[in-house]
Structure formats: C-alpha cells, structure tokens
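To start, the structure under review is shown below, and the notes come after it.
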Number of protein chains: 2
Amino acid sequence: MKLTIKDIAKMAGVSVSSVSRVINNSKPVNDEIRERVEKVIQETNFRPNALARGLIHKSTNLIGVIIPQVNSVSAHLINGIEEVAARNGYHIILSNSGSDTEQELKALDIFAERQVDGIILSSVDITEQHVQQMNRNKVPLVVVGQKTTEYGIPWVDVDNYQPVAEVVRYLVRCGHERIGMIYGPLQDQSAGLSRYQAFLDEMARKQLPIDPAHLVESRFTTKGGYEAMESLLRNESVPTALVCASDIIAIGAKNCAEDRGYLIPEDMSIVGFDDIELAALVRPQLTTVQVNIERMGTRSMEILLQTIEEQQLHTMEHYVDYRLMVRDSVKTIRKR
Amino acid sequence: MKLTIKDIAKMAGVSVSSVSRVINNSKPVNDEIRERVEKVIQETNFRPNALARGLIHKSTNLIGVIIPQVNSVSAHLINGIEEVAARNGYHIILSNSGSDTEQELKALDIFAERQVDGIILSSVDITEQHVQQMNRNKVPLVVVGQKTTEYGIPWVDVDNYQPVAEVVRYLVRCGHERIGMIYGPLQDQSAGLSRYQAFLDEMARKQLPIDPAHLVESRFTTKGGYEAMESLLRNESVPTALVCASDIIAIGAKNCAEDRGYLIPEDMSIVGFDDIELAALVRPQLTTVQVNIERMGTRSMEILLQTIEEQQLHTMEHYVDYRLMVRDSVKTIRKR
DNA sequence: CTGAAAGCGCTAACAA
DNA sequence: TTGTTAGCGCTTTCAG
C-alpha cells in the first residue's frame with residue numbers, strides 16, 4: 001500500500017494541511033512541527049502523488065513532443081528540448097508520428113487529454129486541421145521545422161533558403177557552372193521545397209542554365225541518395241558539382257558515385273546539408289551547411305516556456321543559425 | 001474554461017455517471033442516452049482528464065525511460081520502446097541522466113512521484129543504491145545494458161562476451177596473430193569490461209601473445225578512437241588486426257590510421273561493434289558485430305509490460321541476438 | 001438501466 | 001500558526 005499525505009499526518013501527529021505546508025513551503029509552519037513532519041517523510045521516503053497535485057494546479061509540468069521518428073537528427077532536437085525542460089522542472093513525453101498526419105492529430109488529442117502544459121510538434125506538413133484541433137484544446141504549441149506564421153503558431157526552423165543560395169554562390173566562386181541538385185520531397189515545405197526553390201532561384205540569378213537531367217528528387221535516406229545518383233549518372237553529361245538536400249542524401253550519392261568509379265571531389269563535387277556527425281567522418285570529409293539542431297530544440301522549448309508562463313508571446317518566429325562548413329568534397333576548378 | 005464531465009452531463013441532460021459509462025463502455029447504457037451523450041461529446045470535442053482517471057485507477061499508462069543521453073544509438077532503443085508502448089496504449093516519458101548516478105537516482109524518484117506504471121533504465125553501472133531505491137517505491141523496472149540478475153531485476157542486454165570471442169576467432173581464421181584491441185572504459189560492465197575480458201580470454205585460448213602496447217583504452221567516441229590509434233601507432237610494432245569496442249571507436253581509429261598513411265585493411269584490419277548505420281557507409285565498409293538495439297527496446301518494453309500486467313515475471317534475463325557482419329575492413333592473410 | 005454520493009490524494013480557502 | 005473542509009475531474013459503489 002502506498003503512503004498518502006494522510007498517513008504522514010497521522011504518523012507525525014499533525015493535520016494533513018501542515019504536511020502539505022512543509023512539503024510545499026507554502027505557508028509558515030512551526031519549527032517543531034516542520035521537523036516532526038520532515039523526519040517522517042525522510043523515514044518513509046514519502047513522495048506526494050503528482051497526479052493529485054496536477055489535478056488541483058491544472059498543470060502537469062509535462063511537455064508533449066511529437067516527432068516523425070527518433071533518429072540521429074531528432075536525437076539532437078530531443079536533447080535540446082529535454083535539457084531546457086529539465087532545467088525548468090518539466091519532463092517530456094514522446095510520441096512518434098511516423099510522419100503520418102493522422103497520427104499527429106491523434107497525438108495532439110491524447111496529449112491534451114493528458115493535460116500536458118505544452119506541445120512541441122516537429123512536422124513537415126502542418127495542415128489547417130492541425131491548427132483547428134490545437135485551437136480547440138487550447139494547449140500552447142510550438143512547431144519545429146516549418147514556418148507557421150500564417151496560422152499564428154510560433155515556430156523554430158533553419159532558414160532553408162539562404163544557405164542553399166550561399167552554397168550555389170560558393171560553388172560558382174569555385175568555378176563550377178554545370179551544377180545539379182538532388183532535392184528532397186517537395187511536400188516537405190522546409191527541407192524539401194525551400195531548398196529546391198533556393199537552388200533554382202540562385203542558379204537563375206547567376207544566369208546559369210540547369211540541365212533538367214541534373215535535377216533528381218530523393219527521399220531523405222542514403223538509399224534514396226544512392227539511387228538518385230544512379231539515375232543522374234545514366235546521362236551522358238554529368239554536373240561538375242552537386243548540391244544535396246541533406247548529408248544523408250549526399251553520402252548515399254557519394255557512395256554510388258565512388259562505386260561507379262568516380263572520384264570525389266576530383267570528378268564531381270558534392271555538398272550536403274545538416275552537418276550530421278557522419279559528415280566529418282566520411283572521407284573525403286563532406287562540405288556542408290551546419291545546422292545546430294540541438295539549438296532548435298532549446299529554442300523551441302524556451303519559446304514554449306515563454307508562452308506557457310506569460311500566456312502571450314513576443315517572438316512568433318525564430319531562425320536558428322547556420323554556417324557553411326567548407327571541407328574536402330568540393331574541388332576548386334578556378335578562383336573567380 | 002475547459003469542459004468537464006459535469007458540463008457534458010448537463011448539456012446532455014443526464015447524470016455524470018451515465019456520461020462516464022458511455023465514455024468507458026463500462027456498463028450497459030440505454031441507446032437513447034448513449035446517443036445524446038455521444039452527440040454532445042462530438043460537438044464539444046470533449047476529452048476526459050487523464051489525471052483524474054489516473055488518480056482513481058492508480059495507473060497512468062506512462063513509462064519512465066532513463067537514458068544517459070539521446071544519441072544515435074539510444075535513438076534506436078527509444079524507438080523500440082516507444083513502438084511497443086504505443087501499441088499498448090502507453091506513452092514514454094524521458095529523462096537524460098548524463099550517465100550520472102545522482103541524476104539516475106533522482107529520476108527514479110521523480111518518476112515514482114509521477115506515478116509511472118514502469119521504468120526502463122539504461123545504465124552502465126547499476127549500484128546497490130539504485131536497487132534499494134527501487135525496492136522502496138515499488139515500481140516495476142527493467143534494466144537495459146547491464147546484467148542485474150543478482151539484484152533480482154529483469155534485464156535486457158547483448159551478450160558482450162561471445163561476439164568478441166567470435167571476432168577474435170574470425171581474425172585468427174583470417175590468419176592474424178598479432179591482434180590488438182581498443183577497449184572501452186572498464187567501469188562499463190557490459191560494453192567495457194565484458195568485451196575486454198572476452199578478448200583477453202579468447203587470445204589466451206588461442207595461445208596468442210598480446211603486446212601490452214597493443215591494448216589501449218578509449219572512451220566511446222570517435223575522438224577517443226582517433227587518439228587511441230595515435231598512441232598505438234607510436235609503437236615500433238603495430239598489430240595486423242585491431243578489435244574495437246565499438247564502431248564509433250573503430251571509425252575514429254580508422255580515420256587516424258588513414259591520416260597517418262596506413263591503408264585499411266591492407267596495412268591493418270579493423271573490426272567494430274554495434275553495426276551503426278555509419279558502419280556500412282564508410283569506406284572500406286566496416287566489418288563489425290551487428291546488434292539489434294531496437295530489438296533491445298522492444299524486448300525490454302515487452303518484459304516490462306509483462307511484469308506490470310502479471311505482477312510477476314518468468315524471464316528475468318534476456319540476450320538479444322547478434323551477428324558478425326563481414327564487410328571490407330578485414331584482410332585475409334591466409335586461410336586456416 | 002440510471003442517478004446520487006463517496007472518494008482517489010492533494011491543496012487552499014476558511015475558521016479557530 | 002494550525003486544523004477542518006470543500007473541492008480538482010473522474011469512476012464506482014449503492015440504492016432506486
């Protein structure tokens with residue numbers, strides 16, 4: 001049988017409210033009583049039931065986190081979230097959506113049911129439905145990985161456009177002109193569409209033609225990257241440089257090219273995006289865009305905390321820093 | 001203002017108990033009433049407060065998961081746990097311990113306070129203290145990554161001994177005799193000590209001498225592996241084959257050797273442990289021991305569920321399968 | 001089959 | 001300062 005505050009009160013010979021008071025330090029308590037109660041709590045290792053407290057306070061210090069999948073990227077995100085959460089007395093409760101909108105919606109509801117104090121949603125495609133549902137159950141929400149300003153929902157993301165434009169400019173500076181891209185699924189607003197659009201725009205700005213055959217779509221997997229490269233190499237002309245929508249894609253593509261006898265970067269330069277651990281571990285080390293995913297986690301949790309505590313927020317949107325990491329997978333043809 | 005069951009009852013013109021009955025399907029309810037209630041629930045999108053229910057049922061359908069850190073390895077573990085949990089209506093609540101016993105102990109208490117139905121603890125060094133604490137708050141527990149039979153706590157782990165012995169035998173079969181090892185911290189009972197001991201024992205069994213200079217300790221990081229290899233290469237004689245306590249170490253070591261002009265596997269064969277994604281992505285592809293971490297997660301959650309539901313368990317211990325993945329980082333000197 | 005009422009463990013008025 | 005008591009939102013006897 002688990003102990004309750006009542007038991008403690010009885011054992012210490014005081015009222016339940018006194019026990020509650022020493023536990024919460026909510027009101028002055030006579031030293032003598034305080035000691036008696038503390039002694040009993042020590043001896044019995046009593047811990048107040050968080051459920052009962054939550055029921056009264058209407059707060060659980062629980063944050064719901066919805067992610068498509070726990071992988072090496074979201075691991076950083078979770079770490080960031082967890083770190084800030086823990087520092088503020090919160091715990092996080094996890095739900096894998098498998099990128100399925102249906103699941104995301106369900107998780108949103110279940111979290112509301114569980115009375116979480118806030119939700120962080122890492123999603124690739126927020127729909128009107130999400131928004132309606134959230135408005136219904138009135139739980140503070142922060143979205144990671146997609147801009148949701150139009151919905152009035154605060155978000156945290158990397159700028160996906162500028163870095164890719166920068167990558168293109170960098171390649172041009174290195175003397176490349178025949179540049180291709182393996183881009184991600186375009187339903188993915190941020191990592192897919194934005195990066196693709198940035199590539200197209202910057203190439204146009206530089207007045208560089210794009211061979212449609214040098215534009216291949218891929219899922220965000222090494223296998224996808226490998227296959228995309230296979231299809232790319234089936235053309236008679238191949239680009240001298242290739243922008244990849246992610247490191248994972250880039251590494252898949254690199255492996256394929258190398259398996260086909262191409263030398264990286266001598267025969268083809270490759271640039272990634274994300275700067276996952278792997279990027280600096282493969283040889284040649286991958287030139288890529290560094291994104292501080294953990295920072296996205298801490299930032300989103302901070303914003304969430306702010307909206308929970310202040311009930312209203314100032315910063316609706318936040319971009320996390322990025323940085324071009326020049327390593328060894330790009331060849332300089334000539335300086336411009 | 002959030003809706004309660006009372007509001008629903010009023011709106012439907014029935015008693016709260018009737019509402020509760022249709023929500024839980026706990027007792028027969030007149031069709032007419034059921035419909036009225038269901039309609040109101042639909043319209044208002046009412047969701048019963050899980051806190052209040054938990055308070056009564058003494059169960060939260062919450063599983064506490066304590067891990068040293070969310071990284072690419074624990075990501076698989078979490079995925080496994082989450083998958084089984086979700087399938088059974090549970091959610092997981094996370095706590096990073098940073099491998100700090102103090103933190104682990106605290107998390108154990110806080111989880112008990114939160115009334116979790118069970119705890120999965122992924123730890124590298126379970127102490128008597130952990131056990132005492134757990135016995136106090138009587139929450140079902142499963143340990144991952146360390147054998148705790150002596151404490152009467154069910155655990156899930158990989159066999160760390162046999163696979164390493166097998167690796168040694170494999171290397172010997174490939175004609176290697178001068179074999180070294182970069183081993184992990186020995187406080188780590190499983191991934192550290194056991195793998196080290198297995199190496200020593202099997203070498204002895206094969207009556208192969210070990211040059212103490214070919215035995216280097218390293219943390220489980222690429223940097224650690226890199227530095228360990230640096231110190232290894234300072235000797236005049238280097239081993240022809242090197243067993244590494246993890247893939248991460250192996251890749252660090254490989255990069256160092258390559259940076260120093262050694263060719264893998266021509267100049268030195270390297271074997272890892274874990275078979276992380278990376279292992280098949282680096283070139284040469286790493287020969288390693290495949291461990292299904294996700295399976296450790298599902299298995300531990302299954303065992304936990306079993307002890308929660310049956311209140312007693314049959315299997316106290318469980319080894320997860322492993323498999324030697326022969327790839328390209330070992331050179332065959334001669335067949336034996 | 002339905003409703004009133006007790007109570008899960010705790011906190012917070014309200015009196016004393 | 002302390003104790004008594006009324007809930008928090010829900011489930012579950014227990015009568016009807």
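In what follows, chains carry the letters A, B, and so on, assigned in the order in which the sequence lines appear, proteins first and then strands, with residues in each chain numbered from 1.
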Residue mapping more 5' on DNA chain D - nearest nucleotide basis, A:V16 or B:R47: A:V16

Nearest-Å distance for atom pair [atom1]/[atom2], residues [X] and [N]:
X: A:L3; N: C:dC8; atom1: CG; atom2: P; result: 14 Å
X: A:L51; N: C:dT11; atom1: CG; atom2: C1'; result: 15 Å
X: B:L55; N: C:dT11; atom1: CG; atom2: C1'; result: 13 Å
X: A:N24; N: D:dT2; atom1: CG; atom2: P; result: 15 Å
X: A:I23; N: D:dT2; atom1: CD1; atom2: P; result: 15 Å
X: A:N61; N: C:dC10; atom1: CG; atom2: C1'; result: 15 Å
X: A:I5; N: C:dA12; atom1: CD1; atom2: C1'; result: 12 Å
X: B:H57; N: C:dG9; atom1: NE2; atom2: C1'; result: 15 Å

[N] phosphate, OP1 or OP2, under 4.0 Å from [X] side-chain N/O:
X: A:N49; N: C:dC8; value: no
X: A:S20; N: C:dT11; value: yes
X: B:R53; N: D:dC10; value: no
X: B:T4; N: D:dG9; value: no
X: B:S18; N: C:dG3; value: yes
X: A:K2; N: C:dC8; value: no

Would you mind telling me which of [options] lies closest to the side-chain atoms of [X]?
X: B:V29; options: D:dT12, C:dT2, C:dT11; value: C:dT2
X: B:F46; options: D:dC10, C:dC1, D:dC8; value: D:dC10
X: B:I56; options: D:dC8, D:dG9, C:dA4; value: D:dG9
X: B:V14; options: C:dG3, C:dT11, D:dT11; value: C:dG3
X: A:K58; options: C:dT11, C:dG3, D:dC8; value: D:dC8

Reported CD1-to-CH2 distance for the pair A:I126 and A:W155, which is rounded to 0.5 angstrom: 12.5 Å

Euclidean distance, B:H91 NE2 relative to B:D117 CG, rounded to 0.5 Å: 13.0 Å

Salt-bridge contact B:D321-B:R295 (side-chain N to carboxylate O under 4.0 Å): no

Electrostatic pair B:E102:B:K106 at N-O distance under 4.0 angstrom: no

Check: A:G54 main-chain N/O paired with A:H57 side-chain donor or acceptor under 3.5 Å: no

Side-chain (B:N24) to main-chain (B:S26) donor-acceptor, under 3.5 angstrom: no

Sugar-phosphate, base or nothing in reach of B:I33, heavy atoms under 4.0 Å: sugar-phosphate

Taking only N/O atoms, report every protein-nucleotides 13-16 of chain C pair under 3.5 Å with atom names and distance.
unit_1	atom_1	unit_2	atom_2	d
C:dA13	N6	A:R21	NH2	3.3

Where A:S190 and A:Q146 come nearest, the two heavy atoms and their spacing: OG-CA, 3.6 Å

Audit row: A:L305, A:V84, side-chain contact (heavy atoms from CB on, under 4.5 Å) steps and yes/no: CA-CA 9 Å; A:L305 243 33; A:V84 178; 4.0 Å; yes

Whichever of B:N30 and A:V19 has its nearest DNA chain C nucleotide further upstream toward 5': B:N30

